[in-house]
Undergrad: 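For reference, the structure I am asking about is given below.
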Amino acid sequence: MTEFSSLQAEIHKLIRSSGPMPVWRYMELCLMHPEHGYYVSRDPLGREGDFTTAPEVSQMFGELLGLWAASVWKAIGSPPMLRLVELGPGRGTMMADVLRAVRVLPPLYQSLHVHLVEVNPVLREKQQATLSGVRNITWHDNIDDVPGGPAVILANEYFDVLPIHQVVKRETGWHERVVNLDADGKLVFGAADEPIPRFEVLLPPLVRAAPVGAVFEWRPDNEMMKIATRVRHQDGAALIIDYGHVRSDAGDTFQAIARHSFADPLKNPGQADVTAHVDFQALARAAEDVGARVHGPVTQGEFLKRLGIETRAVTLMGKTTPEISADISAALKRLTDSGRGGMGSMFKVIAVTEPNLTAVAGLSDEPPAPGEETE
């Protein structure tokens, strides 16, 4: 990291000319600035990057999502054409694993049209290399550009980077949280002078009762509503996996990750990944508001176990060396455990479908139908 990033200079200039900047705008600039934004200028993944996602931990993750997609395809009547959509597909690792799994169902594999929603040119190149042998594959800047028709939409660690709005509770009401400059020219958090009129009437009761000084954050519903409207009217399902909480509550989760460690989100903007936890209750409410059915949430650990990840791990370990078996066991633990370093309970899973799809593998009370084995 540089001592003073190019984006930091631009943010300083904007604040000096236009006043304090809302947190959502600061986050948007950090991630999506056309020249210096974190997600338009680099590959952030893996050991050499800033963080590791579940598909990078093990092939089992993507393979099980492939079998999940197959179960949805069967549940909606095995249409002759299915759009397989991934939002924020990283290096293409997960999609490659998904496609390997669905090859065991040739009628499904032949029906697929793959659509990747990606704005990062560096990652697009890596996706093209990873998926070079895949036919019927198209890239898009946003989900609006994906053609119509039945679809399975996969969103793993996608919503956490959508910009958040934050408000702070004062004696006078709820004030928008902003980023400002202190006397020394450093970026600091502050609050707008005037409260947002009648904001408390929009809040869940739990948040309304929060003490003075509490922070509440939310994302606009439009992205979730677009996804839910699509599957509601055109058939299919969306699977959303992310870290966050199952009910709307007060709390400041705005954070930065650099080199696999937490960092100050106001330091070196554009050179660290800035994220915030996902409010799964808010996602579910937005989907239900447009008439879609929501399944879950359950924890990632529970979801993967219901889909058979433990059996899959045993199968893989039976075909390889003791050293690689140990790696598979460690990956299983990381994906499903709740302890330190585990993703099993921090990450949650929901599915959104059209209203008549009453059961979804891994997210319904009844056990999922057994999936075909992957080579």
Side-chain angles (χ1 to χ4, degrees), residues 54 60-79 82-88 94 98 101-102 108 143 149-160 162 219 221-248 277-309 335-336 343-371:
M60 296 184 290
F61 184 83
E63 289 171 348
L64 289 173
L65 266 55
L67 296 180
W68 185 88
S71 73
V72 170
W73 176 71
K74 287 183 177 179
I76 63 175
S78 305
L82 181 74
R83 300 201 185 279
L84 182 58
V85 184
E86 187 176 357
L87 309 180
M94 188 175 93
V98 166
V102 300
L108 168 58
I143 194 171
V152 170
I153 301 169
L154 304 175
N156 179 59
E157 292 201 54
Y158 173 75
F159 278 87
D160 65 291
L162 298 182
R219 291 179 172 88
D221 292 333
N222 56 318
E223 196 75 4
M224 183 71 253
M225 294 176 90
K226 281 194 290 190
I227 293 168
T229 299
R230 167 152 191 151
V231 299
R232 163 76 175 83
H233 294 293
Q234 299 189 43
D235 219 354
L239 187 71
I240 296 154
I241 305 173
D242 227 311
Y243 62 91
H245 40 277
V246 298
R247 68 175 185 174
S248 301
H277 288 198
V278 174
D279 182 344
F280 279 85
Q281 184 177 358
L283 288 184
R285 186 169 57 245
E288 290 168 347
D289 282 349
V290 298
R293 181 185 288 266
V294 175
H295 309 257
V298 301
T299 65
Q300 175 178 294
E302 180 65 22
F303 177 70
L304 294 176
K305 287 175 182 177
R306 289 182 184 182
L307 292 182
I309 192 170
L335 290 173
T336 61
M343 305 169 76
S345 61
M346 173 64 80
F347 283 74
K348 314 297 190 304
V349 185
I350 63 170
V352 177
T353 69
E354 55 93 3
N356 296 323
L357 197 58
T358 57
V360 175
L363 289 157
S364 305
D365 291 335
E366 63 271 20

Undergrad: Does the side chain of D235 come within less than 4.5 Å of P79's, by heavy atoms?
TA: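 A side-chain contact is absent here, since even the closest heavy-atom pair is not under 4.5 Å.
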
Undergrad: Before giving the answer on side-chain contact (heavy atoms from CB on, under 4.5 Å), spell out for F61 and I309 the whole-Å C-alpha distance, their side-chain angles and the decisive distance to 0.1 Å.
TA: CA-CA 8 Å; F61 184 83; I309 192 170; over 6 Å; no

Undergrad: Quick check: closest heavy atoms across Q281 and V246, and the distance to 0.1 Å?
TA: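 So the minimum-distance heavy-atom pair works out to CB-O, 3.4 Å.
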
Undergrad: Are side-chain heavy atoms of Y158 and V278 found at a separation under 4.5 Å?
TA: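 No, their side chains stay 4.5 Å or more apart.
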
Undergrad: Which heavy-atom pair separates N156 from A54 by the least distance, and what is that distance?
TA: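 It is ND2-N, 4.4 Å.
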
Undergrad: Under 4.5 Å between any side-chain heavy atoms of L335 and Q300, yes or no?
TA: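 In contact.
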
Undergrad: What are the two closest heavy atoms between V298 and G362, and how far apart are they?
TA: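 Looking at all heavy atoms of both residues, the shortest contact is CG2-O, 4.0 Å.
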
Undergrad: Side-chain contact, heavy-atom cut-off 4.5 Å: V72 with L82?
TA: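 Contact flag for V72/L82 side chains = no.
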
Undergrad: Tell me which one of L357, V352, T358 satisfies side chain to side chain contact (heavy atoms under 4.5 Å, CB included) with R293.
TA: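 It is T358, the one option of L357, V352, T358 that forms the side chain to side chain contact (heavy atoms under 4.5 Å, CB included) with R293.
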
Undergrad: For residues L84 and V102, determine if any side-chain heavy atom of one lies less than 4.5 Å from a side-chain heavy atom of the other.
TA: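 Contact flag for L84/V102 side chains = no.
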
Undergrad: Verify the neighbour count for atom CE of M225: are there more than 12 heavy atoms of other residues, nucleotides or ligands below 6.0 Å?
TA: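 Yes, the 6.0 Å shell around CE holds more than 12 heavy atoms from other groups.
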
Undergrad: Looking only at atom types and distance, does a side-chain atom of R219 sit under 3.5 Å from a main-chain N or O of L283, one as donor and one as acceptor?
TA: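 Not a single qualifying donor-acceptor pair exists.
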
Undergrad: Which distance, rounded to the nearest 0.5 Å, do you find between the CG of D279 and the CZ of R247?
TA: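 Between D279 CG and R247 CZ, I get 11.0 Å after rounding to 0.5 Å.
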
Undergrad: Once you round to the nearest 0.5 Å, how far does CD of E302 lie from CG of L307?
TA: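 These two atoms lie 10.0 Å from each other.
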
Undergrad: Among M224, R230, E223, whose side chain to side chain contact (heavy atoms under 4.5 Å, CB included) with K226 holds?
TA: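 It is E223, the one option of M224, R230, E223 that forms the side chain to side chain contact (heavy atoms under 4.5 Å, CB included) with K226.
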
Undergrad: Let's go through L87 and I143 carefully: what are the C-alpha distance in whole Å and the side-chain angles of both, what is the deciding distance for side-chain contact (heavy atoms from CB on, under 4.5 Å) to 0.1 Å, and is it a yes or a no?
TA: CA-CA 8 Å; L87 309 180; I143 194 171; 4.1 Å; yes

Undergrad: Out of curiosity, T299 OG1 to K305 NZ, how far, rounded to the nearest 0.5 Å?
TA: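 Taking OG1 in T299 and NZ in K305, the distance rounds to 7.5 Å.
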
Undergrad: Rounded to the nearest 0.5 Å, what's the gap from CD1 on I227 to CZ on F159? Could you check?
TA: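 Rounded to the nearest 0.5 Å, the CD1-CZ separation comes to 4.0 Å.
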
Undergrad: So Y243 and F347, would you call those rings parallel, tilted or perpendicular, with 30° and 60° as cut-offs?
TA: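 It falls in the perpendicular class, over 60°.
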
Undergrad: Minimum heavy-atom separation for V290 and R232, please, with both atom names.
TA: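 Nearest heavy atoms, V290 then R232: O-CG, 3.8 Å.
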
Undergrad: Minimum heavy-atom separation for I350 and G296, please, with both atom names.
TA: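 Taking every non-hydrogen atom into account, CG2-C, 4.0 Å.
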
Undergrad: Quick one: does Q234's side chain have a donor or acceptor within less than 3.5 Å of a partner on G149's backbone?
TA: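 Present.
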
Undergrad: Using side-chain heavy atoms (C-beta onward) and a distance below 4.5 Å, is L363 in contact with V349?
TA: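 When only atoms from C-beta onward are counted, V349 and L363 do touch, with a gap below 4.5 Å.
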
Undergrad: Does any part of the side chain of W68, heavy atoms only, come nearer than 4.5 Å to the side chain of V98, both counted from C-beta?
TA: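 No, too far: nothing below the 4.5 Å cut-off.
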
Undergrad: Can you see which heavy atom on H295 is nearest to which on T353, and at what distance?
TA: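 Taking H295 first and T353 second, the nearest heavy atoms are NE2-OG1, 2.9 Å.
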
